[in-house]
J.: 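This is the structure I have questions about; it appears just below.
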Amino acid sequence: MPMSRHLIALSAAVCLAAGLAAAPAAAEPRPRTLGELAKKHHKYFGSATDNPEFTDAAYLKLLGSEFGQTTPGNAMKWYATEPERGVFDFTAADEVMAFAEAHHQKVRGHTLIWHNQLPAWLTERTWTPDELRAVLKNHIQTVVRHFKGQVIHWDVVNEAFNEDGTYRETLFYKTLGPGYIADALRWAHEADRHAKLYLNDYNVDGIGPKSDAYYTLIKQLKADGVPVEGFGIQGHLALQYGFPTDVRQNMQRFADLGVDVAVTELDIRMNLPATPSMLATQATWYADYVKACLAVEKCVGITIWDYTDKYSWIPSVFPGEGAALPYDENLLPKPAYHSIREVLGG
């Protein structure tokens, strides 16, 4: 029996509505990136980068799409930004900043004071305390002002302590004493009151003499009203030395001082050649480190020290070691990448 025009129209409308309702369910959801997954937890997940890599289009595509934050590995260090006294060059750093802005990435500034990668004009002469204070203040404030409003964190002082918790005998410490750290934080704060200011170091993942020294120092700086707002845990691990099982507890005690915590340079190296078993252990370690950060509210994010073994610093510094990152030398994800995604809810 033929349907009336009314019933035909009604039937068509029902079918159209059903089709519209079904379409989203049938569509494949777009895979979420590590940056997007971390953002769900109110944290960032980022990667360091370096300027020589900017000629690699495949590398840049992943860097810009997968990560919500980046750190210039070398472009903001003293040798690059002030190669001659009073002569500043931000070319390399500005290149990284432009990439980050184009890809809506947060940027951590690294680093204002470090005992390595200093220009010869600074290290090859003797300074009076007054001279060095003037040089240090000018360097810090010129660099911070150049990037004012663009950098979320600054590693103001990098690697200030020895493994036993004593002060590292740097040019700055020997000439100015331990007070250079408080001065540097104050000068950076004057230059950009919105950037959060960090102290940053390696081998401070767990509780021990070196992290204790930072705990004591930060507690005192805060009591003195010095603008220290974060503690950077680099996170350079190696399978042969074991996992810092108290990393969450360590993060939490710094958070309890009222400062943020960031994992700033995470990589997990191994003796080469890498085996499936070693890569599986590495994946577990990455997952456990991310879990620790997720468990501490004031752990604000994680940065891996570049994302691919292709550009890792490890083999040149630790011969015979490597395979430290979540992507291999062909920019393909390793078990570590998948373990990170799983922890973040991917």
Side-chain angles (χ1 to χ4, degrees), residues 29-49 58-71 73 100 103-106 108 202 205-206 232-239 241-248 250-251 260-270 274-314 322-346:
R30 183 170 67 88
R32 288 183 174 270
T33 67
L34 297 181
E36 290 169 339
L37 290 167
K39 197 172 181 180
K40 292 198 312 181
H41 300 277
H42 309 289
K43 304 180 191 295
Y44 61 77
F45 198 97
S47 171
T49 190
Y59 166 87
L60 288 179
K61 184 177 180 181
L62 265 175
L63 177 69
S65 62
E66 189 72 38
F67 302 98
Q69 176 272 333
T70 193
T71 303
H103 294 84
H104 310 289
Q105 293 175 322
K106 302 176 186 294
R108 298 192 77 256
Y202 65 93
D205 310 87
I233 300 173
Q234 291 183 14
H236 294 298
L237 304 183
L239 293 189
Y241 300 127
F243 186 81
T245 55
D246 55 352
V247 61
R248 186 205 60 76
N250 190 41
M251 289 178 180
D260 290 344
V261 177
V263 182
T264 57
E265 306 181 22
L266 183 60
D267 52 25
I268 302 172
R269 67 187 189 270
M270 61 189 72
T275 65
S277 174
M278 292 159 73
L279 292 172
T281 300
Q282 178 190 58
T284 300
W285 285 24
Y286 267 108
D288 288 347
Y289 219 120
V290 175
K291 286 176 188 175
C293 181
L294 294 183
V296 176
E297 185 177 355
K298 289 180 76 66
C299 180
V300 296
I302 294 171
T303 309
I304 49 180
W305 206 239
D306 223 319
Y307 70 86
T308 165
D309 295 333
K310 184 176 183 179
Y311 296 116
S312 174
W313 67 289
I314 297 293
L325 295 162
Y327 286 79
D328 69 15
E329 293 187 359
N330 297 311
L331 308 184
L332 296 174
K334 293 157 60 178
Y337 170 84
H338 298 293
S339 72
I340 294 167
R341 277 190 66 88
E342 184 176 351
V343 171
L344 292 175

J.: Can you confirm whether Lys106 is buried at NZ, in the sense that more than 12 heavy atoms of other residues, nucleotides or ligands lie under 6.0 Å from that atom?
T.: no
J.: May I ask you to decide if Glu36's main-chain N or O and Thr33's side chain share a donor-acceptor pair within less than 3.5 Å?
T.: yes
J.: Any side-chain to backbone donor/acceptor pair from Asp306 onto Ser312? Under 3.5 Å, distance only.
T.: no
J.: Any side-chain to backbone donor/acceptor pair from Thr70 onto Ser47? Under 3.5 Å, distance only.
T.: yes
J.: Can you tell me if Gln282 uses its side chain to pair, donor with acceptor, with the backbone of Ala323 under 3.5 Å?
T.: yes
J.: Donor-acceptor pair, distance only, cut-off 3.5 Å: does the side chain of Asp267 make one with the backbone of Ile304?
T.: no
J.: If we check salt bridge (charged side-chain N to carboxylate O under 4.0 Å, His left out) with Asp260, which of these qualifies: Lys298, Lys43, Arg108?
T.: Lys298
J.: Using the side-chain contact (heavy atoms from CB on, under 4.5 Å) definition, which of the options Ile302, Thr281, Ile268, Val343 pairs with Tyr286?
T.: Ile268
J.: Counting only N and O atoms by type, is there a donor-acceptor contact under 3.5 Å from the side chain of Gln105 to the main-chain atoms of Gly46?
T.: no
J.: Could you list all the salt bridge (Lys or Arg N to Asp or Glu O under 4.0 Å) pairs where at least one residue sits in residues 276-287, not counting sequence neighbours?
T.: none
J.: State whether the number of non-hydrogen atoms from other residues, nucleotides or ligands found under 6.0 Å of Lys61 atom NZ is greater than 12.
T.: no
J.: Taking Asn330 for its side chain and Leu332 for its backbone only, find out whether a donor-acceptor pair lies under 3.5 Å.
T.: no
J.: Which heavy atom of Gly73 sits nearest a heavy atom of Trp305, and at what distance?
T.: CA-CZ2, 3.9 Å
J.: Between Tyr307 and Tyr59, is the ring centre distance below 6.0 Å?
T.: yes
